[in-house]
Novice: 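So that we are looking at the same thing, I have put the structure below in structure tokens.
Read the numbers this way: they start at 1 and go in the same order the structure lists the ligands and their atoms.
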Amino acid sequence: MKQEFTRIAVKVGSNVLARRDGTLDVTRMSALVDQIAELHKSGVEIILISSGAVASGRSEVHPQKKLDSVDQRQLFSAVGQAKLINRYYELFREHGITVGQVLTTKESFSTRRHYLNQKNCMTVMLENNVIPIVNENDTISVSELMFTDNDELSGLIASMMDAQTLIILSNIDGIYNGSPSDPDSSVIREIGHGKDLSNYIQASKSSFGRGGMLTKTNIARKVADEGITVIIANGKRDNILVALLEHPESTLCTRFIPSCEPVSSVKKWIAHSEGFAKGEIHINECATEVLSSEKAVSILPIGITHIEGEFEKDDIVRIIDFQGNQVGVGKANCNSQQAKEVIGKHGKKPVVHYDYLYIE
Ligand SMILES: Nc1ncnc2c1ncn2[C@@H]1O[C@H](COP(=O)(O)OP(=O)(O)O)[C@@H](O)[C@H]1O
Ligand SMILES: N[C@@H](CCC(=O)OP(=O)(O)O)C(=O)O
């Protein structure tokens with residue numbers, strides 16, 4: 001095996017693990033476990049982000065009365081996650097590998113302290129040769145507190161754990177340059193920085209998926225911009241994981257080319273914290289121009305036109321350009337009241353320092 005990678009994150013989508021009728025495809029699971037075990041034994045550290053709780057619970061319980069979507073998700077995932085992790089535990093045990101369950105929520109990444117706690121948990125697992133199997137805690141994550149889907153969660157984990165590669169396994173060979181069902185369309189093999197894919201992506205999702213290809217693409221781009229290679233490939237294909245690492249050129253997939261610019265750990269956290277933003281900092285045309293240049297710049301009061309929302313020092317804020325577009329996310333250096341008092345003034349401290357500013 002080409003020993004190019006020392007740490008990878010693998011996301012297995014609901015559709016890879018569910019059969020058409022919604023029951024857990026144990027044969028597929030077992031095949032993926034065999035591949036992960038092979039990589040693990042060759043010295044690659046693996047973090048597995050596995051969906052499938054809801055899909056595997058659906059076939060186990062048959063509610064007496066009709067449930068709403070939140071109740072259904074909570075019931076199915078509570079039963080299904082136990083079944084899922086039990087299967088993984090047994091399958092990995094056959095290879096002499098110990099696994100551990102990490103159930104998380106979006107809230108568990110909301111502050112830098114929470115984020116570092118999560119990171120520490122997985123780091124200690126890897127140090128002890130335990131494969132973390134991560135999923136969202138669907139029993140308590142509802143509505144706006146939910147991740148868009150496990151693609152978002154996997155991007156956050158790959159970034160937080162400094163994985164070299166994130167492999168997103170779905171039920172499709174990659175991103176098609178048209179409708180996947182159109183015989184004239186084909187898989188885009190490589191995607192560089194700044195490529196707009198919105199024309200290609202159909203709103204359709206596979207039967208058990210939550211986010212669809214659009215979230216996959218957005219997350220993939222963001223994570224690749226942080227220097228991590230992202231691969232979207234078909235988890236239903238035999239030996240796909242090993243093939244992707246051993247024969248990268250000849251294995252069908254979509255590969256997002258990573259940026260060469262290093263991104264600091266704190267900026268990675270900020271980049272994935274947009275959902276927790278408490279306010280907005282609106283900047284003028286000149287500040288927008290400087291921010292989009294290669295220069296390392298902070299958000300200074302002189303370039304701010306107005307502040308929206310109430311925030312405290314260290315809260316996450318969105319940076320909005322003069323045309324109303326979000327251009328970045330940052331950690332505020334002061335509260336919203338103090339920021340308002342210095343708007344337009346020269347020679348004042350940055351409202352968001354460059355070290356805590358992530359430009360999209
Ligand atoms: N251009 C495209 N290329 C590939 N798949 C696409 C495209 N546009 C939409 N899709 C849909 O995205 C689906 C995969 O996303 P999703 O249902 O979220 O899967 P998962 O459960 O694996 O996360 C595919 O099955 C396909 O129907
Ligand atoms: N946490 C859920 C995952 C739902 C989800 O977003 O799945 P996917 O479409 O695979 O990204 C479950 O285990 O069923």
Novice: Does Lys331 count as lying over the ring of Phe311, i.e. NZ or CZ under 6.0 Å from the six-ring centre, within 45 degrees of the axis?
Specialist: no
Novice: Any atoms of ligand 1 less than 4.0 Å from a non-hydrogen atom of Ser14? List them with their elements.
Specialist: 21 (O)
Novice: Rounded to the nearest 0.5 Å, how far apart are CG of Leu252 and OG1 of Thr254?
Specialist: 7.5 Å
Novice: Would you check whether Ser14 has a nitrogen or oxygen atom less than 3.5 angstrom from a nitrogen or oxygen atom of ligand 2?
Specialist: yes
Novice: If we set the cut-off at 4.0 Å for heavy atoms, which region of Lys236 has an atom near ligand 1: side chain, backbone, both, or neither?
Specialist: neither
Novice: Take atom NZ in Lys349; do more than 12 heavy atoms of anything else shown fall under 6.0 Å from it?
Specialist: no
Novice: Give the numbers and elements of all ligand 1 atoms closer than 4.0 Å to a heavy atom of Pro180.
Specialist: 2 (C), 3 (N), 4 (C), 5 (N), 6 (C), 7 (C)
Novice: Please classify the Ser170 to ligand 1 contact at 4.0 Å (heavy-atom distances, strictly less than): side chain, backbone, both or neither.
Specialist: both
Novice: For atom CZ of Arg87, decide whether the heavy atoms of other residues, nucleotides or ligands shown that lie under 6.0 angstrom number more than 12.
Specialist: no
Novice: Name all residues meeting the ring-ring contact (aromatic ring centres under 6.0 Å, His included) criterion together with His282; count only those two or more places apart in sequence or in a different chain, and write none if there are none.
Specialist: His306
Novice: Return yes or no for this condition: an N or O of Ala55 is under 3.5 Å from an N or O of ligand 2.
Specialist: no
Novice: So for ligand 2, is Gly52 a polar contact partner (N or O within less than 3.5 Å, distance only)?
Specialist: yes
Novice: Please report the interatomic distance CD(Gln81) to CD(Gln101), rounded to the nearest 0.5 Å.
Specialist: 4.5 Å
Novice: Hey, is Gly178 one of the residues with a heavy atom under 4.0 angstrom from ligand 1?
Specialist: yes
Novice: Please confirm whether Tyr176 comes within less than 3.5 Å of ligand 1 when only nitrogen or oxygen atoms on both sides are compared.
Specialist: yes
Novice: Please say whether more than 12 non-hydrogen atoms of neighbouring residues, nucleotides or ligands are located less than 6.0 Å from OH in Tyr89.
Specialist: no
Novice: Considering residues, nucleotides and ligands other than Glu310, do more than 12 of their heavy atoms fall under 6.0 Å from its CD?
Specialist: no
Novice: Quick check on Lys348: does its NZ atom have over 12 non-hydrogen neighbours (other residues, nucleotides or ligands) under 6.0 Å away?
Specialist: no
Novice: Within less than 4.0 angstrom of ligand 1, does Gly174 place any heavy atom?
Specialist: yes
Novice: Counting from 1, what ligand 1 atoms have a heavy atom of Gly13 closer than 4.0 Å?
Specialist: 22 (O)
Novice: Can you check which of Ala53, Ala18, Ser50 brings a heavy atom nearest to atom 12 (C) of ligand 2?
Specialist: Ala53
Novice: Between the candidates Asn137, Leu153, Leu17, Asn150, which shows the shortest non-hydrogen contact distance to atom 3 (C) of ligand 2?
Specialist: Asn150
Novice: Under 4.0 Å between a side-chain nitrogen and a carboxylate oxygen: does that hold for Glu308 and Arg318?
Specialist: no
Novice: When you look at Leu67 and Gln74, which way does the side chain to side chain contact (heavy atoms under 4.5 Å, CB included) test go after all the steps?
Specialist: CA-CA 10 Å; Leu67 299 178; Gln74 291 183 316; over 6 Å; no
Novice: Asn135 heavy atoms, cut-off 4.0 Å: which ligand 2 atoms fall inside?
Specialist: 1 (N), 2 (C), 12 (C), 13 (O)
Novice: Number the atoms of ligand 1 from 1 as they appear, then name those within less than 4.0 Å of a heavy atom of Lys11, with their elements.
Specialist: 23 (O)
Novice: Do any nitrogen or oxygen atoms of Asn15 lie less than 3.5 angstrom from nitrogen or oxygen atoms of ligand 2?
Specialist: no
Novice: When you measure from the side chain of Arg73 to the backbone N and O of Val54, does any donor-acceptor pair fall under 3.5 Å?
Specialist: no
Novice: Identify, by atom number and element, the atoms of ligand 2 in contact range of Gly13, meaning under 4.0 Å from any of its heavy atoms.
Specialist: 10 (O)
Novice: What's the verdict on side chain to side chain contact (heavy atoms under 4.5 Å, CB included) for His114 and Trp269, showing C-alpha distance, side-chain angles and the deciding distance?
Specialist: CA-CA 11 Å; His114 281 90; Trp269 165 62; over 6 Å; no
Novice: Have a look at ligand 1 and work out which part of Ile172, if any, has a heavy atom under 4.0 Å from it: side chain, backbone, both or neither.
Specialist: side chain
Novice: Show every salt bridge (Lys or Arg N to Asp or Glu O under 4.0 Å) that has at least one partner inside residues 108-132, sequence neighbours left out.
Specialist: Lys119-Asp162
Novice: So if I count the atoms of ligand 2 from 1 in the order they appear, which ones are less than 4.0 Å from some heavy atom of Lys11?
Specialist: 8 (P), 10 (O), 11 (O)
Novice: For Asp149, which part has a heavy atom under 4.0 Å from ligand 2: side chain, backbone, both, or neither?
Specialist: both
Novice: Need the ligand 1 atom indices (1-based, order shown) with element for anything under 4.0 Å from a heavy-atom of Asn171.
Specialist: 24 (C), 25 (O)
Novice: Would one find an N or O of Thr148, backbone or side chain, under 3.5 Å from an N or O of ligand 2?
Specialist: no
Novice: Using a 4.0 Å cutoff against the non-hydrogen atoms of Asp138, which atoms of ligand 2 qualify?
Specialist: 1 (N), 2 (C), 12 (C), 13 (O)
Novice: For Ser51, take its heavy atoms, then give the atoms of ligand 2 lying under 4.0 Å from any of them.
Specialist: 3 (C), 7 (O), 8 (P), 10 (O), 11 (O), 13 (O)
